[in-house]
Amino acid sequence: MINISELRIGDEEYGSVSEILRGGQLAQGARVAEFEHRFAKVSGSRFVAAVSSGTAALTLALRALGIGPGDEVITTPFTFAATVNAILDSGATARLVDIQPGTYLINPSLVEMAMNESTKAIMPVHLFGQPADMEEICGIASSGGVRIIEDAAQAHGATYHGSRVGSFDVSAFSFYATKNLSTGEGGAVTTDDPAVDEAVRILRNQGMRGRYEYVTNGYNHRMTEVEAAIGIAQLKGLDERNARRSSNAMGLIERLRDVEFVELPVVRRERTHVWHQFTIALDLSIVPDRDSFVQELRTLGVVAGVYYPRSLMEYSAFSQHPNVVCDGDGHAREAARRVLSLPVHPYLEEGDLDRIADAVRAAGGLT
């Protein structure tokens with residue numbers, strides 16, 4: 001079976017974790033600080049505050065910027081629920097605008113139209129490993145006097161016009177087990193703003209500036225030494241793994257280029273796509289049932305994923321929430337009906353790529 005993702009742990013990770021367990025300090029310490037220092041190079045930012053998850057990173061970024069009740073944050077309905085959950089947790093309103101057709105990324109023109117006196121931040125999602133249109137989004141944010149919080153959970157190492165994802169204002173990364181860079185669980189807030197960095201560090205540690213020096217109400221959102229040790233080891237191979245993902249993506253594109261019922265992903269100009277997911281869209285006039293197609297792929301030995309099966313506004317938890325406003329999600333709904341992601345992880349071999357392409361053809365009735 002060819003799985004949708006694969007995480008490999010090596011001798012360095014085992015050795016580092018064993019050393020920590022023997023040493024006895026499991027809570028946030030020197031390994032976390034080292035991981036933060038090393039990840040700053042990946043994100044292109046001055047400051048990195050490691051936290052317990054990507055969701056925690058989004059939550060703390062919003063709190064650090066003082067965003068709360070009465071404020072609005074503009075984001076996309078075609079994303080994982082954590083993006084919107086963090087906004088709602090802050091007490092702010094999530095204003096959702098549609099994606100650009102064929103890109104799965106938030107539409108900057110619609111962001112500009114959605115701006116109003118209550119807008120305090122724009123939260124673009126670098127979906128599947130491809131950066132959003134940051135030049136336009138930065139221009140809109142600057143002219144409106146609002147902040148940017150990048151949801152970079154899937155985009156470790158990606159670049160936009162030569163600038164690294166994570167360097168545009170405030171950013172939230174996830175290091176969940178399936179991500180390009182994993183610590184098992186974990187996340188980070190990155191920024192060049194020292195005030196934001198300080199606020200996140202206080203908030204992640206129960207609101208303490210120093211031991212028992214409470215300056216605000218906070219959380220237990222610390223990263224552990226074990227997670228940081230795994231992350232330090234995984235960081236060393238990130239560029240190589242991302243390059244392998246890219247090579248595998250190009251191999252799949254070449255093998256599937258002539259399949260008429262498949263719409264292939266496109267890398268947009270002047271961007272480095274790190275291929276967290278290789279997402280295709282089916283022509284439903286030829287292959288009418290995406291879910292049956294995914295099941296047939298599994299029968300043929302290929303595990304595909306559906307990210308995401310619905311626009312967030314198709315769930316009553318969001319469509320009926322008083323702090324969720326949607327200015328339209330037609331393209332997001334259409335994408336959700338058609339998309340599926342094929343394996344692209346860095347441990348695939350050429351023969352695996354052949355098997356994936358053959359399975360796609362067979363599932364669509366071409367063989």
Side-chain angles (χ1 to χ4, degrees), residues 7 9-64 82 86 149-150 152-153 155-157 164-167 170-216 218-239 241:
L7 173 64
I9 299 296
D11 290 340
E12 182 173 354
E13 288 93 327
Y14 284 114
S16 295
V17 170
S18 178
E19 182 180 338
I20 290 167
L21 295 177
R22 288 195 301 269
Q25 182 176 349
L26 304 184
Q28 188 166 342
R31 298 298 182 102
V32 172
E34 180 182 352
F35 177 75
E36 291 172 336
H37 174 74
R38 290 174 180 265
F39 190 71
K41 298 176 183 178
V42 175
S43 64
S45 57
R46 289 179 61 199
F47 304 109
V48 176
V51 296
S52 58
S53 70
T55 305
L58 289 167
T59 299
L60 297 185
L62 288 156
R63 278 280 311 268
I149 304 173
E150 300 172 70
H156 317 75
R164 288 185 174 271
V165 160
S167 66
V170 181
S171 303
F173 286 87
S174 168
F175 306 125
Y176 181 65
T178 61
K179 297 298 192 288
N180 292 35
L181 175 65
S182 175
T183 62
E185 279 281 9
V189 179
T190 70
T191 186
D192 286 347
D193 186 335
V196 170
D197 181 65
E198 181 184 24
V200 170
R201 291 174 183 278
I202 290 169
L203 288 164
R204 74 180 177 182
N205 192 30
Q206 300 290 9
M208 293 187 289
R209 178 173 281 115
R211 188 166 178 78
Y212 299 123
E213 183 189 351
Y214 300 106
V215 295
T216 187
Y219 311 85
N220 175 6
H221 281 330
R222 298 180 296 267
M223 177 179 278
T224 69
E225 288 286 276
V226 169
E227 290 166 337
I230 294 170
I232 290 166
Q234 290 282 313
L235 266 170
K236 295 176 182 179
L238 177 61
D239 289 344
R241 293 194 304 275

Residue pairs passing the side-chain hydrogen bond (donor to acceptor under 3.5 Å, both in side chains) test with at least one member in residues 18-27, sequence neighbours excluded, are Ser18-Arg22, Glu19-Arg31
Might you work through the side-chain contact (heavy atoms from CB on, under 4.5 Å) test for Leu235 and Val42, ending with a clear yes or no? CA-CA 9 Å; Leu235 266 170; Val42 175; 3.6 Å; yes
Query raised in the report: Taking the side chain as C-beta and beyond, is there a heavy-atom pair between Val32 and Arg222 under 4.5 Å?
Result: no
Task: Residues, nucleotides or ligands: over 12 heavy atoms within 6.0 Å of Tyr176 OH - done: no
By side-chain contact (heavy atoms from CB on, under 4.5 Å), Asp11 pairs with (sequence neighbours left out) none
Hits for side chain to side chain donor-acceptor pair (under 3.5 Å) against Glu12, two or more places apart or cross-chain, chain-then-number order -> Lys236
Residues at least two apart in sequence or cross-chain that pass side chain to side chain donor-acceptor pair (under 3.5 Å) with Gln234, listed by chain then number, are Glu13
Residue pairs meeting salt bridge (charged side-chain N to carboxylate O under 4.0 Å, His left out), one or both in residues 172-188, sequence neighbours left out, come to none
Hits for side chain to side chain donor-acceptor pair (under 3.5 Å) against Ser171, two or more places apart or cross-chain, chain-then-number order -> Glu150
Applying salt bridge (Lys or Arg N to Asp or Glu O under 4.0 Å) to Arg38 and not counting sequence neighbours gives Glu34
Sorted by chain and number, sequence neighbours left out, side-chain contact (heavy atoms from CB on, under 4.5 Å) with Arg209 holds for Glu198, Ile202, Glu213, Val215
Closest non-hydrogen contact found for Ala82 with Leu58 is O-CD1, 3.8 Å
Contacts of Asp193 meeting side chain to side chain donor-acceptor pair (under 3.5 Å) (sequence neighbours excluded), chain-then-number -> Arg147
inquiry  = Under a 3.5 Å distance rule, please check whether Glu227 uses its side chain to pair with a backbone N or O of Thr183 as donor and acceptor.
reply    = no
Sorted by chain and residue number, the side-chain contact (heavy atoms from CB on, under 4.5 Å) partners of Asn180 (sequence neighbours excluded) come out as His156, Leu238, Asn242, Arg245, Val274, His276
Of all heavy-atom pairs linking Gly231 and Leu181, the shortest is O-CD1, 4.1 Å
Rounding to 0.5 Å, atoms OG1 (Thr224) and CD1 (Ile230) come to a distance of 7.5 Å
Nearest heavy-atom approach of Val200 to Ala49 is CG1-CB, 3.7 Å
As a quick check of understanding, evaluate side-chain contact (heavy atoms from CB on, under 4.5 Å) for Ser16 and Ile232, giving each step before the final call. CA-CA 9 Å; Ser16 295; Ile232 290 166; over 6 Å; no
On a heavy-atom basis, the closest approach of Leu203 and Ala64 is CD1-N, 3.9 Å
Task: Phe173 and Val165: CA distance, side-chain angles, deciding distance, side-chain contact (heavy atoms from CB on, under 4.5 Å) verdict - done: CA-CA 10 Å; Phe173 286 87; Val165 160; 4.2 Å; yes
Side chain to side chain, Val196 and Phe47, heavy atoms closer than 4.5 Å: no
To the nearest 0.5 Å, atom CG of Leu60 lies from atom NE2 of His221 at 5.0 Å
To the nearest 0.5 Å, atom OH of Tyr219 lies from atom CZ of Arg204 at 15.0 Å
Applying ring-ring contact (aromatic ring centres under 6.0 Å, His included) to Tyr214 and not counting sequence neighbours gives none
- Message: Applying side-chain contact (heavy atoms from CB on, under 4.5 Å) to Asp192 and Ser45, what does each step give before you reach the verdict?
- Response: CA-CA 6 Å; Asp192 286 347; Ser45 57; 3.9 Å; yes
Residue set satisfying salt bridge (Lys or Arg N to Asp or Glu O under 4.0 Å) with Arg201, at least two apart, ordered chain then number -> Glu36, Asp197
Heavy atoms of Gly54 and Ala172 approach each other most closely as O-CB, 4.5 Å
Looking at side-chain heavy atoms only, is the closest gap between Phe35 and Met223 below 4.5 Å? yes
Closest non-hydrogen atoms of Thr190 and Gly166, given as atom of the first, atom of the second and distance, are OG1-O, 2.8 Å
